[in-house]
**Q** 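Please see the structure below; I have some questions.
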Amino acid sequence: MGYLPDAETVDICRDLIRMDTSNFGDDSGPGERAAAEYVAASLADVGIDSQIYESEPGRATLVARWGNQDSSRPGLVIHGHLDVVPAEAADWSVDPFAAEIVDGYLYGRGAVDMKDFDAMLLSVVRARQRAGAIPDRPILLVFTADEEAGGRKGAHWLVEHHPEWFEGCTEAIGEVGGFSTEVGGQRLYLVESGEKGIAWMRLTASGTAGHGSMRNDDNPVAHLARGLAALGDHVWPEEPGPSMRLLLDKVRELTGAEGSPAELLSHFGPAVRMIGAGLRNTTNPTMLQAGYKHNVVPGEAVAFVDGRYLPGHAESFMPAVQEIVGDKVAVDSHTFDRALEYAFEGDLVDAMTMSLHRHDPEAHIAPFLMSGGTDAKAFDKLGITSYGFTPLRLPADLDFTALFHGVDERVPLDALEFGSRVFDTFLDLA
């Protein structure tokens, strides 16, 4: 090979974590400009030109062309986001933006979501560029803003305002997939082949305002509470789609077990919180707003609900929520975005599979439907097929899925280096 694709991965990841790019969902955060300029300088250092766009001041997204631009093959988008969710330093055992290394782990906000992949990608690109080993197909590198708030100021903005960058691109690789877990005593790597749709909803109950000491049969707080309780008690049915059915088949193969989909996925241990969410629609109340004084019944009470729906449920999901909460509560869309699912087959899937087997011959590989959302939703608008492939070989006892947006977010150093080597091989095969 003649070069070391993992040589700089840890150092780059530490540099990126130390840049606070917290996204609070409004304009109060520091933005992504400093991180985008770091990426631009890293690429320029090896002779790769890039372009930074700002949807708003400080909200920076970077794009760069790489690979053989004269190839007749379709282009591949490789994307990572530069923003992170906020972190409360008092809750952490280390400073979340110090990028400390403790017991073989790199700690910091973004270590898992997703400055790890940003660092792998930059390390591999820089090593290949220096060695003259560029991929034999057009590559579009995209480092986005605002993914943690839905990408409206990042990937969606880029697709809407500069679609020319994506001309000729048909496939994409991004976050949340390619990580290992243990099932039946064997390593199983999960590749994201789809993701649930986003339905963030505003629930409003209206009623009769009045004195808190008097009987009130039209109290909007009570109306809202009953609706939320009904939603919390509702059990959405298991409806596994193509990706999850393939995953269930793999679990049966590795364990010899039978049972319901939920019972089979229990073999993932704590990771079932994320992986099991791919079996059904979900609804979680996340915010409440009502009242202004202890002895005043307000005229309105509001709740916000994080809804995630399965592919094929875009039209039926919100009407179902309305039926569950009842006619005293109005359900309105706050943010709505598409569900995605792609066939787990073809040359790109083969390249992911073979690159993992090259570096872990005992690997088992299966797709899954991701519970959250990524920038793939934006690229899907252009007909680009996207998969989640951030390869990490992880310790069997690490509750990895709990680290996404979690306290003491961290990634093993050897997993970062492993991922860089796998991704380098993937670029040879893709």
**Q** Counting neighbours of CD on E323 that are heavy atoms of other residues, nucleotides or ligands and sit closer than 6.0 Å, is the number greater than 12?
**A** no
**Q** Would D249 and R252 count as a salt bridge (charged side-chain N to carboxylate O under 4.0 Å, His left out) if you check the C-alpha gap in whole Å, the side-chain angles of each, and the deciding distance to 0.1 Å?
**A** CA-CA 5 Å; D249 288 343; R252 292 187 188 98; 2.9 Å; yes
**Q** Could I get the full list of salt bridge (Lys or Arg N to Asp or Glu O under 4.0 Å) partners for R393, not counting sequence neighbours?
**A** none
**Q** For H334, look at atom NE2 and say whether over 12 heavy atoms of other residues, nucleotides or ligands are found less than 6.0 Å away.
**A**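 Counting other residues, nucleotides and ligands, NE2 of H334 stays at 12 neighbours or fewer.
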**Q** Could you list the donor-acceptor pairs under 3.5 angstrom formed between side-chain atoms of residues 363-374 and any protein atom two or more places apart in sequence or on another chain?
**A**
{"unit_1": "H364", "atom_1": "NE2", "unit_2": "Q186", "atom_2": "OE1", "d": "2.9"}
{"unit_1": "T374", "atom_1": "OG1", "unit_2": "E195", "atom_2": "OE1", "d": "2.9"}
{"unit_1": "T374", "atom_1": "OG1", "unit_2": "A376", "atom_2": "N", "d": "3.0"}

**Q** With a 6.0 Å cut-off (strictly less than), is the heavy-atom count around CZ of R33, excluding the residue itself, greater than 12?
**A**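 Yes, because the 6.0 Å sphere around CZ of R33 holds more than 12 heavy atoms from other groups.
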**Q** Is it true that the side chains of S93 and D408 contain a donor and an acceptor less than 3.5 Å apart?
**A**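 S93 vs D408: donor-acceptor pair found between side chains.
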**Q** Would you say that I324 contacts D233 through its side chain, given a criterion of any heavy-atom pair below 4.5 Å between the two side chains?
**A**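 Not in contact.
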**Q** Salt-bridged, D337 to K377, with N to O below 4.0 Å?
**A** no
**Q** Please confirm whether the ring centroid of F97 lies under 6.0 Å from the ring centroid of W92.
**A**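 They do not qualify: ring centres at least 6.0 Å apart.
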**Q** Check this for me: D399, atom CG, are more than 12 non-hydrogen atoms of other residues, nucleotides or ligands nearer than 6.0 Å?
**A**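 Yes.
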**Q** Verify salt bridge (charged side-chain N to carboxylate O under 4.0 Å, His left out) between R187 and D360, making sure each step is shown before the conclusion.
**A** CA-CA 9 Å; R187 259 192 313 278; D360 187 354; 2.6 Å; yes
**Q** State whether E56 and R59 are salt-bridged, where the test is any N-O pair (Lys NZ or Arg NE/NH1/NH2 against Asp/Glu carboxylate O) under 4.0 Å.
**A** no
**Q** Please enumerate all residues that pass ring-ring contact (aromatic ring centres under 6.0 Å, His included) together with H405, with sequence neighbours excluded.
**A**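 Scan of H405 (ring-ring contact (aromatic ring centres under 6.0 Å, His included), adjacent residues dropped) gives none.
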**Q** Looking at R338 and D380, is there a salt bridge between them, counting it only when a charged N and a carboxylate O are closer than 4.0 Å?
**A**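 Counted as a salt bridge, because a side-chain N and a carboxylate O are separated by less than 4.0 Å.
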**Q** With R280, which residues qualify under salt bridge (Lys or Arg N to Asp or Glu O under 4.0 Å), at least two apart?
**A**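 Expected list: E238.
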**Q** Salt bridge or not for D45 and R126, using N-O below 4.0 Å?
**A**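 Salt bridge between D45 and R126, a charged N being under 4.0 Å from a carboxylate O: yes.
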**Q** Please name all residues satisfying salt bridge (Lys or Arg N to Asp or Glu O under 4.0 Å) with R18, sequence neighbours left out, ordered by chain then number.
**A**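 So R18 forms no salt bridge (Lys or Arg N to Asp or Glu O under 4.0 Å) with any residue.
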**Q** Which residues pass the salt bridge (Lys or Arg N to Asp or Glu O under 4.0 Å) test with E239, sequence neighbours left out?
**A** none
**Q** Are the aromatic rings of H162 and Y53 close, with centres under 6.0 Å apart?
**A** yes
**Q** Indicate, with yes or no, if the rings of F117 and F389 have centres closer together than 6.0 Å.
**A** no
**Q** Strictly below 4.0 Å, N to O, side chains only: are E160 and K381 in salt-bridge contact?
**A**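 So E160 pairs with K381 through a salt bridge.
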**Q** In plain terms, say whether E167 and R65 are close enough for a salt bridge, that is, a side-chain N and a carboxylate O under 4.0 Å apart.
**A**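 No salt bridge links E167 with R65.
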**Q** One thing to verify: whether K115 and D15 come together as a salt bridge, which I'm taking to mean a side-chain N less than 4.0 angstrom from a carboxylate O.
**A** no
